[in-house]
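Here the structure is laid out as structure tokens; the discussion comes afterwards.
Heavy-atom basis, side chains included; hydrogens, waters and symmetry copies ignored.
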Amino acid sequence: MGWDIVRRPHRKEPHKHSRLWETREIEHILANDLVRIRFTNKKLKRLDLENSKLKTFDLGMTPNLTNLKLRGCHDPVELLFPLQCLELKYIRLYNTKLRILELWRTPILYELRLEGCDDLVHILFKCPHLTKLYLGCCKLMTLELQATPNLKELSLDKCLNLEKLHIPVKCHLNLTFLTLIVPKLYIPTKWPKLKSFNLKDSKLTTLNLRGARNLETLDVRGCYSLEELRIHFNCLKLESIDIMGAKLMTFKLGLTPNLKRLKLTKCSHLVELQAPEDLAY
């Protein structure tokens, strides 16, 4: 009798029912995106969805959420968070259609991954404890990182529209891993903790890494406009250098006793390589 009362107003439109119990109807609604999901479980801590066709996720009533992961969910265009995400630590979104992401109060967010989010044009966040930020294939033109002073790992993969990247000085001192696959950006020179530097497909003509004395790996493949590359004269920890297609005429290596791999490919302009006599590669 109760089921009949629920069905009565919209017998042929189950997506308008207040309650659902038949598997066939539920699958039909989810497959055809006929419902906007609003999560109201205040005890929910982890949400992991794969291959969903939902377009809107309303997490406004999940203040204790700590981990959010959407993989293979290609249709989401709207993701609503509570004003305060005091427990949120990890956000991993892959291949969504999100255009805007706003995270107002996420004081302990540790990792943010937005990879394959091709339509993303705006991101706003205040994450004082964020240490890992991965962006891939987005349409951002500007990225401001003043509110992420403890960032240690930054990856910008094929963010081809990015023209302005502001990394505060405090981030320069903490970064240990940096990947930039973008065409045009100003690269700061002081990275005392930087261990891995990956710059691909950039249009930079000059790259100065003299401030990265703890560098271990350097990869600048596909930087066809690069004419000058400077590294610290005393890179004692440097193990691998991979350069492809650069217009370097001279490349000078200082003290690099631990260098195990030096690869120079398609550097047709190179006429002088200055390296220590005991270099083995």
Between the side chains of Ser196 and Thr217, is a donor N or O closer than 3.5 angstrom to an acceptor N or O?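 Present: a donor and an acceptor within the cut-off.
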Sidechain-backbone polar pair: [X] side chain, [Y] backbone, donor-acceptor under 3.5 Å:
| X | Y | answer |
| --- | --- | --- |
| Asn95 | Gly72 | no |
| Asp242 | Met244 | no |
| His129 | Pro107 | yes |

Is the closest side-chain heavy-atom distance between [X] and [Y] below 4.5 Å?
| X | Y | result |
| --- | --- | --- |
| Lys193 | Leu175 | no |
| Phe197 | Leu207 | yes |
| Cys138 | Leu114 | no |
| Leu143 | Ile123 | yes |
| Glu216 | Ser240 | no |
| Leu253 | Leu262 | yes |
| Thr250 | Gln274 | yes |

Any chain of hydrophobic side-chain contacts (each under 4.5 Å) joining [X] to [Y]?
| X | Y | answer |
| --- | --- | --- |
| Val220 | Leu273 | yes |
| Leu44 | Leu68 | yes |
| Leu218 | Leu270 | yes |

Do you know which two heavy atoms are closest between [X] and [Y], and how far apart they sit?
| X | Y | answer |
| --- | --- | --- |
| Glu78 | Leu98 | N-CD2, 3.6 Å |
| Lys97 | His74 | CG-O, 3.0 Å |
| Lys139 | Val121 | CB-CG1, 3.9 Å |
| His232 | Arg210 | CD2-O, 2.7 Å |

Nearest 0.5 angstrom please: [X] [atom1] to [Y] [atom2], how far?
| X | Y | atom1 | atom2 | result |
| --- | --- | --- | --- | --- |
| Ile91 | Leu47 | CD1 | CG | 11.5 Å |
| Arg92 | Arg71 | CZ | CZ | 9.0 Å |
| Leu229 | Phe251 | CG | CZ | 5.0 Å |
| His122 | Leu101 | NE2 | CG | 9.0 Å |
| Asn214 | Lys237 | CG | NZ | 4.0 Å |
| Glu115 | Leu93 | CD | CG | 10.0 Å |

Output side-chain donor-acceptor pairs under 3.5 Å for residues 145-158, partner residues at least two apart or in another chain, one line each.
unit_1, atom_1, unit_2, atom_2, d
Gln146, NE2, Glu144, OE1, 3.0
Gln146, NE2, His166, ND1, 3.2
Thr148, OG1, Leu145, O, 2.9
Asn150, ND2, Pro128, O, 2.7
Glu153, OE1, Tyr134, OH, 2.4

Excluding sequence neighbours, so at least two apart, what forms side-chain hydrogen bond (donor to acceptor under 3.5 Å, both in side chains) with Glu87?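 Listed in chain order: nothing, the list is empty.
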Take a 6.0 Å sphere around [atom1] of [X] and say whether it holds more than 12 heavy atoms from other residues, nucleotides or ligands.
| X | atom1 | result |
| --- | --- | --- |
| Lys132 | NZ | yes |
| Arg113 | CZ | yes |
| Tyr110 | OH | no |

